There are 2 protein chains.
Amino acid sequence: MEIGSATQENTRPISRGCGWLKALPGKFKAKGFEIVTKTKKLGEDDPRRIRHSLKAGLAITLVSLFYYLRPLYDAFGQSGMWAILTVVLVIDFSVGATLCRSLNRGFATLIAGALAIGTEHFATLFGEKGEPIVLGFLVFFIAAASTFTRFFPVVRRRYDYGAMIFILTFSLISVSGYRVEKIFELGHKRLSTIIIGAATCMVISIFVCPVWAGEDLHNLVADNIEKLASFLEGFGDEYFKFSEDGDSAMVSKDDNSVLQDYKNVLNSKENEESLANFAWWEPCHGRFGFCHPWKQYLKIGVLSRQCAYQIETLNGYINPQPQAPSEFRRKIQQPCTKLSSESSKALKELASAIKNMTHPSSCDLHLQNSKAAAEELKIALEASPPVKTDLLEVIPAVTVASILINIIKSVENISASIHELSDQARFRTVKSNVIAEKPQLFHSGTVKPISDGDGDGGDGDGGGGDHIVIIVSPENGNPQGLMRSQHVEV
Amino acid sequence: MEIGSATQENTRPISRGCGWLKALPGKFKAKGFEIVTKTKKLGEDDPRRIRHSLKAGLAITLVSLFYYLRPLYDAFGQSGMWAILTVVLVIDFSVGATLCRSLNRGFATLIAGALAIGTEHFATLFGEKGEPIVLGFLVFFIAAASTFTRFFPVVRRRYDYGAMIFILTFSLISVSGYRVEKIFELGHKRLSTIIIGAATCMVISIFVCPVWAGEDLHNLVADNIEKLASFLEGFGDEYFKFSEDGDSAMVSKDDNSVLQDYKNVLNSKENEESLANFAWWEPCHGRFGFCHPWKQYLKIGVLSRQCAYQIETLNGYINPQPQAPSEFRRKIQQPCTKLSSESSKALKELASAIKNMTHPSSCDLHLQNSKAAAEELKIALEASPPVKTDLLEVIPAVTVASILINIIKSVENISASIHELSDQARFRTVKSNVIAEKPQLFHSGTVKPISDGDGDGGDGDGGGGDHIVIIVSPENGNPQGLMRSQHVEV
């Protein structure tokens, strides 16, 4: 299938495989080994792929019975092939995708079939000579118009397959009706086998190891938030890593692949939208009701990507040249690391709230902690004005601090949209299991830590309760700095 | 097609159209008007959509002749439907997509047909009772295995349709071979009509108003770079806009939609990859040769998106709260605006180089100008150390400056990848038409502007030539500040 590769004289480095023929014989063994390894990896990465393949094989074998069993063959004859054709075309990885195709196929066949029979009857009014001309004109017009509807976003998203099947069925029936006498009988047989084929796919896809697009979307959105959290969790240590002689150490980014996981979030839009479209077709299943707010997941996805863009910019500063002086970085290290880690904890809480379908009440505490860290960072910045030549040198560190502060806003937006999801999908409210900041971090005897039972009070946007600011000097053992919470009592 | 919408009791705001039925009757007229408006807009936005629809109608009408013309119907009989089926399934918007599907369809049918006939013969060895069992097992095994191959990225990218058609043809022929006597004749007729259908699509798609995926990719990549340029062009004025009383004015982002065009770049990956895959199938056409380096466009796309991520972060600072004091912003305004505008000019040159397929030689001059502006910015930052309380207030402006400086690196990367493309695709080298910086900006009589004829010397990475730094005091009428170029002679 390498179009005309034999005619290629050009040896440019990037081309459609020019010159691969020469290297082929010696690579057979390695290629075979590579294919086996890749196959194994594909199966291990997601065993549902193997199950889906077996389900597809099963569905095709089942509808083959139209040919193998004499009574069925006698009843449907060659129309049995439409069942096979339907199964191959409509069976898909997820339940939603299969339902989307099956229902599109069924309804489009029905509507197009009816329209085609009407058209055929209308064309016969024009006599033997006029019939093919009128028929040809109508087929041209309806096929062109239906093709154009496929450019409408809503059709492209949900009914693209239906539009294609509509064109197919309409053309086939109206055109073949010109030659076939018993068009009703043909249409009836064909429709029955198509319905049987589509029903087979739907039953197998729903009842044999179902893969729900909605559940995949749910997990994808939660995983993406977790990936952002992982970056922020590691960022502080990565950016402020000091070598033994006291200077910032250059760290290879490759060592920290978990820090790079967020890159998958940057391009997740298409995947999320396709899953949301398929989820729309799915009936209620497991924890997901009939009117589950799938659109809200797309909103969360947009906000996650906005956060990921900021993280991408931040990532560019991990190995900056020239390095800011260690003295300034040491001063902002503690609040920056805390801000980053508390934002990370908030995101992890949000991801876990989605996964467990619980109200993300304890995330607000972490958000407040990270805001407190931002205040602390601002104080650190105010307290250490750079000397005359310093501003230039501290620019990267100042930028990192500034972006980190902005990330809090992103996390807040994500949190708000997940609260919205939680309300719309009626997530359970559970008692928070967040462990309070260790008491020894505060002035002894003045702060009572949060008990597990108080957790529920932490939801909302922090409007209620008293805000308390406690500043602990950095020299203090494990400097937790500034703490702002609804849950501490002085 | 609203699955079970009748059973819905829930009135949550975001759901699958619950409650739309109530509002329907009163909205008929408005809906009709909306559809007409949308249809008109779709056609006006891209008239190729209308042409594609007419082409699809034409192809279907042409293959209908298998039924309308007596000699053709006598020769092929009901097999003519395979031509219609093939046309509906393979015709697509671009030449590449149509070729991909047509060739996949042709080859897959050929291979699957041969394998199916072999399988059928093998199964007959097991006697009348054993045949359907062996056949059923083989169909199950081959269908499952072929379904699994569709998970391989390379198959999914280029041969997904072929794999589907392989499963379809193999199942249909091997299964129906169990009942049909003249399997060779059937296969021959079917293959002929499929080839005729696919050939009709290919001919129409190539020779009637062709839409080349490669050309679309080429233009998309150039347009995306232009969108980044438009943001950077307007950013300086937008960020440093001062109201009449001397303070920075808050500007509504909505007023400046051209500044927001870059957002399309953020999610262009999927589109670029699909176009590149289709472009791979296209023969040489217009300005694009047979081994045109389509993969290089994907590299440029990745780098454009990296730049867009930084721009997205930058965009977040356009309306910051609290505002940095105007005094400091005024100081960095001139170099920041120049940096941004020179980066924008470099990107515009690169976009235009792609569009015109010329070597982007004059872009280097703008890149050097923007680097010079970065140096100037650093000097401005050094020269204005903030007073004790200032660091906190100038953080947003410092961050903007820092990100702008980083953007130069992104632009350089884009430039390098376009130089690579230019070498691989042998873009024409043309004389630069860049107008040199106005002489009055420099010390009079000391700088000779670049003549048009010197332009070609500016390519490469700036390794050659002398670098000259000229500092003009900011009080100077139109302060162009610092200039660094290979093209000026003192």
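First the proteins, then the strands, lettered A, B, ... as listed; each starts at 1. All figures in this text were calculated on a predicted structure; none of them were measured in a lab.
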Counting only non-hydrogen atoms closer than 4.5 Å, does [X] touch chain A with its backbone (N, CA, C, O), its side chain (CB onward), both, or neither?
| X | value |
| --- | --- |
| Thr39(B) | both |
| Arg51(B) | neither |
| Ile91(B) | neither |
| Ile50(B) | both |
| Lys269(B) | side chain |
| Leu135(B) | both |

Just say parallel, tilted or perpendicular for the rings of Phe93(B) and Phe151(A), cut-offs at 30° and 60°.
-> perpendicular

Looking at every non-hydrogen atom in both residues, tell me the closest pair between [X] and [Y] and how far apart they are.
| X | Y | result |
| --- | --- | --- |
| Gly57(A) | Ala143(B) | CA-CB, 4.1 Å |
| Gly43(B) | Phe148(A) | N-CZ, 4.0 Å |
| Leu85(B) | Leu168(A) | CA-CD1, 3.5 Å |
| Met164(B) | Val88(A) | O-CG1, 3.6 Å |
| Tyr309(B) | Asn267(A) | OH-OD1, 3.7 Å |
| Thr61(A) | Gly136(B) | CG2-O, 3.8 Å |

Can you find a heavy atom in the side chain of [X] that is under 4.5 Å from one in the side chain of [Y]?
| X | Y | value |
| --- | --- | --- |
| Ile133(A) | Tyr68(B) | no |
| Ser402(A) | Tyr317(B) | yes |
| Val175(B) | Val63(A) | no |

Output for pair (Thr399(A) OG1, Ile395(B) CD1), nearest 0.5 Å, gives 9.0 Å

How many angstroms lie between OG in Ser171(B) and CD1 in Ile60(A), if you round to the nearest 0.5 Å?
->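 With rounding to 0.5 Å, OG (Ser171(B)) is 4.5 Å from CD1 (Ile60(A)).
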
Checking heavy atoms, do the side chain of Leu138(A), its backbone, both or neither come under 4.5 Å from chain B?
-> neither

Side chain, backbone, both or neither: which part of Arg305(A) has a heavy atom under 4.5 Å from chain B?
-> side chain

Worked verdict on Thr147(A) versus Ser53(B) for side-chain hydrogen bond (donor to acceptor under 3.5 Å, both in side chains) = CA-CA 5 Å; Thr147(A) 305; Ser53(B) 307; 5.5 Å; no

Mind checking side chain to side chain contact (heavy atoms under 4.5 Å, CB included) for Gln310(B) and listing every partner two or more places apart, or none if nothing turns up?
->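 Listed in chain order: Thr313(A), Ile403(B), Asn406(B), Ile407(B), Ser410(B).
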
Contacts of Asn271(A) meeting side-chain hydrogen bond (donor to acceptor under 3.5 Å, both in side chains) (sequence neighbours excluded), chain-then-number -> none

Should we count NZ of Lys263(A) as having more than 12 external heavy atoms under 6.0 Å?
->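 Atom NZ in Lys263(A) is packed in, count exceeds 12.
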
Do you know which of [options] has the most heavy-atom pairs with chain A at a distance under 4.5 angstrom?
| options | result |
| --- | --- |
| Val139(B), Ile167(B), Leu58(B), Leu266(B) | Leu266(B) |
| Leu172(B), Thr149(B), Val87(B) | Leu172(B) |
| Lys38(B), Gln306(B), Arg49(B), Lys55(B) | Arg49(B) |

